[in-house]
Amino acid sequence: MKKITAALAACLLISTVAVAADEFPEEWRTVAEQSDFRATSSYDQTMVYLYQLEAVAPELIRVTDFGRSGQGRPLPLVIVSSDGAFTPEEAAATGKPILLIQSCIHAGEVDGKDATLMVLRDIALGRRPELAEGTVTLFAPIYNADGHENVSPYNRSNQNGPVDGMGYRATANGINLNRDFLRLVSPEAKALAKLVATWNPHLHVDNHVTNGSDHAWVLTWLVAEAPQLAEPVDAWVGNHLPKVLAKIDAAGHPNGPYVSHVSRSDPSAGMIWDVAQPRYSSGYFPLRNRVSILIEMHAHKPFRDRVLANRAFIDEMMAEAGRSGEALVRAVEQAEAATVALGAEDAEPSEVVVRWGVAEEGETITWPAYDWSLEDSIVTGGRRVQYQPGKSREVELEWRHLPVAELKFARPRGYLVLAGWPQIEELVANHGLRASRLANDAELEVETVRLSSPKFATSSYQGVLMVTDFEISRQQELRLIPAGSLWIPADQPSFEVAVQLFEPEAPDSIVRWSVVSSLFERKIYIGLDRLEEFAREMLTDEDVKSEWEAALEDPDFANNWSARYLWWYRRTPYWDETVGLLPVTRVMEPFKLPLEPWQ
């Protein structure tokens, strides 16, 4: 997708029209506008304004909430529909695309919220009625509601306004919501996941503000691409997102792809996108056969410029989705149907991607950078990049962005979650995965996964010590699966969510996030005197004796009391064979057993 630059005269003309259109009575001016963009609205001020908009256009706008924050604040949701389709069922019945436009996931990055209020005002007061006609749009203007109220002018050191202060990056208990799309440890993320599973939006927009380099673009964007994003949806994005970007560029809001440099000390070394991990919105929504468009406003630009550009993007994205709504809905339906077909009982064998990477080859783009130099850093003792704002320097950069599969496995027919693991069942429910329970105990041929030798991170991340590495073995075996175990079949549109949860090697699996770390722990033991008896008896077996002598040749093993103990313990009938056994099995062949409804 390439940026289209318009003539200066066209930019000036459109900008003049935009200013004139924003002459509203005082009661309709946002807090940002009233303060000359020195301030952003508080949670309470935002809610008052939203209810004011609903009161003037109740046939178009419904203000509700989709859950509660950790501190108990309602998470606001604004539904916009010219059909009065204010429930998931009514929205689906319209046949129009459903959009979800989310802001303040990092609550100091408020541009999207202030832009949203202006967009909603244009709709409510009849300035842009067409924006409500082609889609059903859900606005979540303050996703991180608690962080939003933790206001300080010092929360965003590299962000140019609002100078009176902005919210805090994380939630009240320190969770970064843009690392919680798959794990769902926060009440906010659980609520959003349920919203997504209930409404099934066709397109998601995630509004942010970023820094890290300096350039002329006021708005940058990022999307997952094929093959990580389903081909029909990727094709729709390729056909329509460039039109949106070209229009806002022509309106005086220069934009380009999200800038993430390969090197901190050499901006000319290139850019790379890494959107694969499903902890992020950009990696999560493709698992559901949807696109998430990440919008990153450039933090060094004035707050006013950022809000107006963000507003222009929302306007044009809603308009374009409305004009091409049938094609967007069809693309998502085709993608979902393809996933369901791959998981059907009679489907040919196929693979699932467990981990994505970025292709080595890239393309060359022109980056409108501000000139820079390298200077000595007092802080680090090394060299740092010092930009010179306003002094343009166009640079040809290699931009690596295409996803490639790094790890694949054979697609299972589904997963069985063993009964007794409520933390896994909660994840399945919150993500809206289709599941049922085994009505009775059953012996089934399944693929089991056993883990050992876990390595944990040395510092916490998102409140836990993640599992960074482990040894893994897989095998087919006949096992007794207890009644009440959850069956999650592969023939459902969001099955890739299950893949990322249950395959241990996936970057955000339940293993990686320590959701099931108790499986590594031994809960029963054998006394040394009893084990000594077993060892002496087993040494009469020449095969065991040979294995033991070979093991002793390793001096580290020979001098490790615990390793020697476990070597013998594992060979006794007292060893607990469930140590290291993942409580999720892969089912590779269809089965017919009585199932009971769940949820």
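None of the values given here were measured: they were computed from a predicted structure.
- Listed by chain and number, the residues in a side chain to side chain donor-acceptor pair (under 3.5 Å) with Gln159 are Arg156 (sequence neighbours excluded).
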Decide yes or no on side chain to side chain contact (heavy atoms under 4.5 Å, CB included) for Ser186 and Leu177, but give the supporting numbers first.
-> CA-CA 8 Å; Ser186 65; Leu177 293 177; 3.2 Å; yes
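- The minimum heavy-atom distance between His202 and Pro97, with the atom names listed, is ND1-CA, 3.5 Å.
- Side chain of Arg68 to backbone of Pro187: no donor-acceptor contact under 3.5 angstrom is found.
- The heavy-atom pair separating Ser292 from His204 by the smallest distance is OG-ND1, 2.7 Å.
- Arg323 and Glu320 are joined by a salt bridge, as a carboxylate oxygen and a charged side-chain nitrogen come within less than 4.0 angstrom of each other.
- Scored by the side-chain contact (heavy atoms from CB on, under 4.5 Å) test, Leu342 finds Ser350, Arg411 as partners (sequence neighbours excluded).
- Side-chain atoms of Pro482 and Leu418, non-hydrogen and from C-beta on, do get closer than 4.5 Å to each other.
- Contacts of Pro129 classified as side-chain contact (heavy atoms from CB on, under 4.5 Å), with partners at least two apart in sequence or in another chain: Glu133.
- In this structure, Leu287 and Ser494 have side chains that are not in contact, with every pair of non-hydrogen atoms separated by 4.5 Å or more.
- Asn239 places a side-chain N or O within donor-acceptor distance of the main-chain N or O of Ala235, the cut-off being under 3.5 Å.
- Using a 4.5 Å cut-off on side-chain heavy atoms (C-beta onward), Ile295 and Asn310 make contact.
- Shortest non-hydrogen contact noted between Ser103 and Gly112 is OG-C, 3.2 Å.
- Going from atom CG of Asp111 over to atom NE2 of His208 covers 11.5 Å, rounded to the nearest 0.5 Å.
- Counting only distance, with no hydrogens or angles, the side chain of Arg437 and the backbone of Gly484 share a donor-acceptor pair below 3.5 Å.
- In plain terms, the two heavy atoms of Ala170 and Asn144 that are nearest each other are O-ND2, 3.1 Å.
- A distance of 10.0 Å separates CD1 in Ile98 from CD1 in Ile79, rounded to the nearest 0.5 Å.
- Environment of NZ in Lys194: sparse, with no more than 12 heavy atoms of neighbouring residues, nucleotides or ligands closer than 6.0 Å.
- Within the 4.5 Å cutoff, the side chain of Ile314 has heavy atoms near those of the Phe139 side chain.
- In this structure a side-chain-to-backbone donor-acceptor pair under 3.5 Å is missing from Thr198 to Leu195.
- For Asn200, there are no side chain to side chain donor-acceptor pair (under 3.5 Å) partners at least two apart in sequence or on another chain.
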Kindly indicate, with the supporting measurements, whether the criterion side chain to side chain contact (heavy atoms under 4.5 Å, CB included) is fulfilled by Lys113 and His148.
-> CA-CA 11 Å; Lys113 176 201 65 179; His148 186 273; 2.9 Å; yes
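- Between Ile424 and Phe502, some side-chain heavy-atom pair lies under the 4.5 Å cut-off.
- Here the closest non-hydrogen pair linking Ser82 and Leu60 is CA-CD2, 3.6 Å.
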Evaluation steps, side chain to side chain contact (heavy atoms under 4.5 Å, CB included), between Val511 and Val516 | CA-CA 6 Å; Val511 172; Val516 292; 4.0 Å; yes
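- Of the possible donor and acceptor atoms, one in the side chain of Glu188 sits under 3.5 Å from a partner among the backbone N and O of Gly70.
- With a 4.5 Å cut-off on side-chain heavy atoms, Trp199 and Leu100 do not count as touching.
- Of the possible donor and acceptor atoms, one in the side chain of Asn255 sits under 3.5 Å from a partner among the backbone N and O of His253.
- The distance from the CZ atom of Arg279 to the CG atom of Asp508 is 4.0 Å, given to the nearest 0.5 Å.
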Derivation of the side chain to side chain contact (heavy atoms under 4.5 Å, CB included) call for Tyr284 and Leu192 = CA-CA 12 Å; Tyr284 176 71; Leu192 188 70; over 6 Å; no
In sequence, state the C-alpha distance, the side-chain angles, and the governing distance for Glu26 and Arg29, and then conclude on salt bridge (Lys or Arg N to Asp or Glu O under 4.0 Å).
-> CA-CA 5 Å; Glu26 189 68 13; Arg29 299 180 73 216; 3.3 Å; yes
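- Between Phe313 and Trp221, a ring centre-to-centre spacing not shorter than 6.0 Å is recorded.
- Donor-acceptor pairing under 3.5 Å is recorded for the side chains of Thr339 and Asn289.
- Partners of Gln462 under the side-chain contact (heavy atoms from CB on, under 4.5 Å) rule, at least two apart in sequence or in another chain, are Ile175, Asn176, Arg179, Asp180, Arg183, Trp513.
- The backbone N or O of Val354 sits less than 3.5 Å from a side-chain atom of Gln500, completing a donor-acceptor pair.
- Under the side chain to side chain donor-acceptor pair (under 3.5 Å) criterion, Asp83 pairs with Lys96, sequence neighbours left out.
- Rounded to the nearest 0.5 Å, atoms CD1 (Ile105) and CG (Asp206) are 5.0 Å apart.
- Between the side chain of Asn155 and the backbone N or O of Met166, at least one donor-acceptor pair lies under 3.5 Å.
- Other residues, nucleotides and ligands contribute only 12 or fewer heavy atoms inside 6.0 Å of the OH atom of Tyr168.
- Ile293 contributes atom CD1, which lies 8.0 Å from atom CG of Leu245 (distance to the nearest 0.5 angstrom).
- Taking the six-membered ring for Trp and the full ring otherwise, His401 and Tyr258 have centroids separated by 6.0 Å or more.
- Under the 3.5 Å distance criterion, the side-chain polar atoms of Gln492 are matched with a main-chain donor or acceptor of Arg434.
- Counting only heavy atoms from C-beta outward, the side chains of Arg288 and Pro493 never approach each other to under 4.5 Å.
- With respect to Glu109 and Arg306, no salt bridge is recorded, no charged nitrogen being found less than 4.0 Å from a carboxylate O.
- Taking the six-membered ring for Trp and the full ring otherwise, Tyr415 and Phe495 have centroids separated by under 6.0 Å.
- Considering all non-hydrogen atoms of both residues, Gln423 and Val515 come closest at NE2-O, 3.3 Å.
- Counting heavy atoms from C-beta outward, Asp164 and Pro162 have side chains that stay 4.5 Å or more apart.
- Counting only distance, with no hydrogens or angles, the side chain of Glu503 and the backbone of Ser509 share no donor-acceptor pair below 3.5 Å.
- Rounding to the nearest 0.5 Å gives a distance of 11.0 Å between CZ of Arg311 and CG of Leu120.
- With a 6.0 Å radius and a threshold of 12 heavy atoms from other residues, nucleotides or ligands, Gln599 has its CD atom above the threshold.
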